[in-house]
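Quick note: numbers below take in every heavy atom, side chains included, and nothing from hydrogens, waters or symmetry partners.
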Amino acid sequence: MVSKTVQFNCDDALQMKAVAVLIQKASTFRSSVYLAKGERRANAKSLLGVMSLGVENAMEIRVTADGSDEAEALETISSYLTNPEF
């Protein structure tokens with residue numbers, strides 16, 4: 001299991017689009033991928049889970065990946081959160 005804390009950087013107007021793309025990216029990995037805000041944790045492959053975290057611009061999020069492609073998953077999701085590109 002690997003984890004990293006990153007800052008989510010996204011214009012508020014594009015936030016829902018960024019979350020949708022994040023879920024698509026996380027779903028491409030075999031590893032389990034989780035996002036955490038404080039003590040709350042959500043499956044990064046679940047729209048409702050990610051939305052329940054109340055992700056906002058400039059928020060610190062801990063990304064955790066566990067599985068056969070965990071390093072790649074962690075890097076991809078962390079990079080995307082710091083610089084969302086559609």
Side-chain angles (χ1 to χ4, degrees):
M1 182 171 9
V2 293
S3 62
K4 181 178 189 178
T5 300
V6 297
Q7 184 173 19
F8 180 59
N9 294 311
C10 184
D11 186 302
D12 290 339
L14 299 174
Q15 189 171 318
M16 289 309 297
K17 172 80 171 168
V19 168
V21 173
L22 167 71
I23 292 162
Q24 288 177 334
K25 288 183 177 291
S27 295
T28 64
F29 296 101
R30 287 188 209 123
S31 295
S32 298
V33 182
Y34 293 95
L35 303 179
K37 170 188 158 190
E39 296 301 314
R40 299 188 67 187
R41 182 175 105 150
N43 183 339
K45 299 177 185 181
S46 165
L47 177 61
L48 291 176
V50 174
M51 289 178 62
S52 74
L53 291 178
V55 176
E56 297 175 351
N57 187 39
M59 176 184 291
E60 285 198 349
I61 300 172
R62 189 174 67 250
V63 182
T64 303
D66 186 22
S68 61
D69 54 359
E70 63 187 24
E72 183 182 358
L74 180 68
E75 183 57 35
T76 299
I77 301 303
S78 296
S79 294
Y80 178 74
L81 287 170
T82 57
N83 187 24
E85 296 177 5
F86 314 111

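Across every non-hydrogen atom of A65 and L74, the tightest pair is CB-N, 4.2 Å. G49 approaches S46 most closely through the heavy-atom pair N-OG, 3.0 Å.
Every residue two or more places apart in sequence or in another chain that forms a side-chain hydrogen bond (donor to acceptor under 3.5 Å, both in side chains) with S31 is listed here: D69. Contacts of E75 classified as side-chain hydrogen bond (donor to acceptor under 3.5 Å, both in side chains), with partners at least two apart in sequence or in another chain: S79. For T28, there are no side chain to side chain contact (heavy atoms under 4.5 Å, CB included) partners two or more places apart in sequence or in a different chain. Applying the side chain to side chain contact (heavy atoms under 4.5 Å, CB included) test to E60 and every residue at least two apart in sequence or in another chain returns T5.
Taken from CG in L53 to CE in M59, the straight-line distance is 8.0 Å, to the nearest 0.5 Å. Annotation: the span from F8 atom CZ to S78 atom OG amounts to 13.0 Å, rounded to 0.5 Å. Here CD1 of I61 is found 10.0 Å from CD of E56. Values are rounded to the nearest 0.5 Å.
Annotation: side chain of V2 is not in contact with side chain of K4 (no heavy-atom distance under 4.5 Å). Counting only heavy atoms from C-beta outward, the side chains of V19 and K17 never approach each other to under 4.5 Å.
The hydrophobic clustering, which links ILVMFWY residues whose side-chain heavy atoms are closer than 4.5 Å, places V33 and V50 together. A chain of hydrophobic side-chain contacts below 4.5 Å, direct or via other Ile, Leu, Val, Met, Phe, Trp or Tyr residues, connects V55 to I77.
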Compile the donor-acceptor pairs under 3.5 Å between side chains in residues 20-27 and protein atoms, sequence neighbours left out, one pair per line.
{"unit_1": "S27", "atom_1": "OG", "unit_2": "I23", "atom_2": "O", "d": "2.8"}

Please determine whether side-chain contact (heavy atoms from CB on, under 4.5 Å) holds for the pair V63 and L35, giving the CA-CA distance in whole Å, both sets of side-chain angles, and the decisive distance to 0.1 Å.
CA-CA 5 Å; V63 182; L35 303 179; 3.9 Å; yes
Apply side-chain contact (heavy atoms from CB on, under 4.5 Å) to residues N57 and D11 and explain how you reach the verdict.
CA-CA 7 Å; N57 187 39; D11 186 302; over 6 Å; no
Go through the steps for F29 and T76 under the test side-chain contact (heavy atoms from CB on, under 4.5 Å), then give the verdict.
CA-CA 10 Å; F29 296 101; T76 299; 3.6 Å; yes
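Among residues at least two apart or in separate chains, there is no salt bridge (charged side-chain N to carboxylate O under 4.0 Å, His left out) pair with a member in residues 27-50.
Looking only at distances, no side-chain donor or acceptor of N9 sits under 3.5 Å from a matching main-chain atom of N83.
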